[in-house]
Amino acid sequence: MRQVYVIGIGITTFARLEYPLCEIAAYPAMMAMKDCGLSGVDHLYVANMGGGRVNHQTGLASAVVDSLSLTPAGAETIENGPASGASAIKQGFLAVASGLHDVVMVIGAERMREVNNLEVTDFIATLTHPLAEYIYGVTLPSLAGMFTRLYMDKYGVTARHLAMVAVKNQNNALLNDFAHLHQEITIEGIIDSPEALTNNPYVAEPLRFFDCCPVSDGGACVILASGDVAKRLDKPLVRLAGLGQATDTHTIHERQEPTDLLAVRRAAGQTFQMAGIKPADVDVAELHDAFTILEIVESEEVGFFNKGEGHLALERGETSLTGELPINPSGGLKGRGHPVGATGVAQAHEIVLQLRGDAGRRQVMDARIGFTCNFGGFGNNVVCLTFIRES
Amino acid sequence: MAREIYAYKCRKCGHLHYPYRMVCKNCRANEHNEFDPVPLPKKGKLLTFIHLYSLPPDFEVPKLGLGIIELENGIKITGQIKILDPKIGMAVKGEVEIVRREGYDEHYGMVFYQV
């Protein structure tokens with residue numbers, strides 16, 4: 001297999017966007033093309049989950065390839081729930097690594113706010129098992145809430161730890177121009193003060209409002225290319241060095257160990273093995289914190305901390321922007337936002353930005369190895385990526 | 001006749017599944033549909049639970065109790081709970097009732113009560 005590099009990146013603001021889904025997908029692609037200075041690509045992948053249901057637009061990639069005037073290049077829409085972004089990057093990697101294509105564009109885009117909140121909740125709930133979960137009224141926050149209660153019971157994670165993740169990530173997002181939330185929050189405001197229960201009400205008790213990521217629109221793009229193309233450009237060489245993917249049972253009640261995220265563990269193991277590195281080698285990570293509990297648990301399952309000790313590392317400040325292993329410098333899903341199909345690509349965008357040294361006020365010093373974890377469904381389909389700066 | 005919720009027993013190796021899947025998770029050797037439906041027991045232990053305040057469509061209640069229950073035979077099930085003060089490990093008993101109304105459709109599932 002050939003080596004694969006990221007040569008161009010682009011991203012929209014994550015917010016409520018009043019543009020059609022196709023434009024939300026095309027805009028970051030135009031940015032990424034300017035970034036690498038190319039005028040054409042061999043193939044296009046577009047990651048998107050809700051196009052057909054929420055935006056009345058199926059075959060999104062076919063619409064986008066024409067909007068960008070990249071026809072007759074091939075194009076496919078990739079859907080893997082919230083892990084669509086990383087899955088699309090994986091497909092792009094395979095296309096270049098195999099030698100089939102030299103330059104592949106990978107876009108992730110989502111426009112969730114075209115419909116109201118009830119419809120969005122239902123759209124996300126379609127990820128659950130139709131007969132064993134959906135009919136009961138189970139939504140994704142419900143699954144996260146049940147998982148959180150088990151984690152609190154078994155490992156002593158408290159509401160305060162969850163709030164620490166929210167505060168850290170929203171503070172990081174303040175330094176990120178494209179982030180959805182530019183809202184400063186404090187532990188006092190969301191946990192300690194008498195107003196906390198009003199500021200931070202229960203959504204799926206024990207999970208609270210500030211433990212859940214916002215509903216966002218947005219798009220991101222990365223351009224993957226072979227070594228020959230990458231080395232001709234005057235940019236730091238960032239290589240997509242490892243991929244990993246694993247699945248688990250559809251229903252969460254059938255998981256082998258209710259407090260484990262086995263698919264995360266396996267996917268991370270694969271990506272590290274492929275990249276030839278250990279978890280301790282990672283300088284910066286973007287984890288999938290759709291719910292604050294997930295950042296804590298994923299940091300353990302991928303191997304950064306021992307099982308059940310992620311919240312202790314968080315307490316010590318190890319995962320803050322100035323800590324030993326900054327997690328979610330962009331603000332993560334919590335602060336940056338979570339347009340479902342775009343997230344995996346946005347995570348890669350942030351890592352590439354960090355490894356190039358272009359992250360401005362939220363730059364992690366000397367970042368050379370970056371890691372992303374894109375969590376599909378509720379842990380039943382996880383894709384992890386490793387990026388290494390070579391120059 | 002009271003309704004039941006069924007688990008599915010592989011005819012090749014006897015492994016019990018809930019919910020249904022096409023290929024046996026244990027032996028992967030069954031032919032298509034070679035499963036026998038076995039009604040789930042009603043008594044069990046509450047493993048985890050939540051109260052959902054951010055409700056999906058079709059539910060016009062202030063909050064919804066949901067939980068994962070381990071039944072007597074080891075099978076786990078996700079269900080609604082109508083328990084005032086739930087605790088992890090609590091003994092519960094299930095009833096098969098209407099759990100969701102989608103338009104004119106009535107969906108039946110397990111609702112668990114405190115024993």
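In what follows, chains carry the letters A, B, and so on, assigned in the order in which the sequence lines appear, proteins first and then strands, with residues in each chain numbered from 1. In this text, all values refer to a predicted model and were calculated from it rather than measured experimentally.
Heavy atoms closer than 4.5 Å to chain B are found nowhere in A/Ala125, neither backbone nor side chain. Of the two parts of B/Glu70, neither the backbone nor the side chain holds a non-hydrogen atom closer than 4.5 Å to a non-hydrogen atom of chain A. With a 4.5 Å cut-off on non-hydrogen atoms, B/Leu55 touches chain A through its backbone but not through its side chain. Of the atoms belonging to B/Tyr18, heavy atoms from both backbone and side chain fall under 4.5 Å from chain A. Within the 4.5 angstrom heavy-atom criterion, atoms from both the backbone and the side chain of B/His51 approach chain A. Heavy atoms of A/Arg208 lying under 4.5 Å from chain B are absent altogether.
The CG atom of B/Leu71 sits 9.5 Å away from the NE2 atom of A/His253 when rounded to the nearest 0.5 Å. With rounding to the nearest 0.5 angstrom, the OG1 atom of A/Thr249 is 9.5 Å from the NZ atom of B/Lys76. Atoms CD1 and CZ, from B/Ile88 and A/Arg149 in turn, are 6.5 Å apart once rounded to the nearest 0.5 Å. Atom OH of A/Tyr136 and atom CG of B/Leu52 lie 15.5 Å apart (nearest 0.5 Å).
The greatest number of non-hydrogen atom pairs below 4.5 Å with chain B, out of A/Leu207, A/Val203, A/Leu118, is found for A/Val203. Interface remark: of the candidates A/Thr121, A/Leu150, A/Asp153, A/Leu150 forms the most heavy-atom pairs closer than 4.5 Å to chain B.
Residues A/Glu205 and B/Tyr53 come closest through the heavy atom pair CB-CE1, 4.0 Å. B/Ile50 approaches A/Pro206 most closely through the heavy-atom pair CG2-CD, 4.1 Å.
Residues from residues 336-343 of chain A never place a non-hydrogen atom less than 4.5 Å from a non-hydrogen atom of chain B. Of all residues spanning residues 56-69 of chain B, those with a heavy atom less than 4.5 Å away from chain A's heavy atoms are B/Pro56, B/Pro57, B/Phe59, B/Leu64, B/Leu66, B/Gly67, B/Ile68, arranged by number.
For B/Lys12, the NZ atom sits in a packed shell: over 12 heavy atoms of surrounding residues, nucleotides or ligands are nearer than 6.0 Å. Atom CD of A/Glu257 has more than 12 neighbouring heavy atoms from other residues, nucleotides or ligands inside a 6.0 Å radius. For NZ of B/Lys9, the number of neighbouring non-hydrogen atoms (other residues, nucleotides, ligands) closer than 6.0 Å is 12 at most. For A/Tyr155, the OH atom counts as densely surrounded, since its 6.0 Å shell holds more than 12 non-hydrogen atoms of other residues, nucleotides or ligands.
Using a distance-only test at 3.5 Å, with no hydrogens or angles considered, a donor-acceptor pair links the side chain of B/Arg100 to the main chain of A/Tyr134.
For the pair A/Thr251/B/Thr78, no side-chain contact is recorded, criterion being any heavy-atom separation below 4.5 Å from C-beta on.
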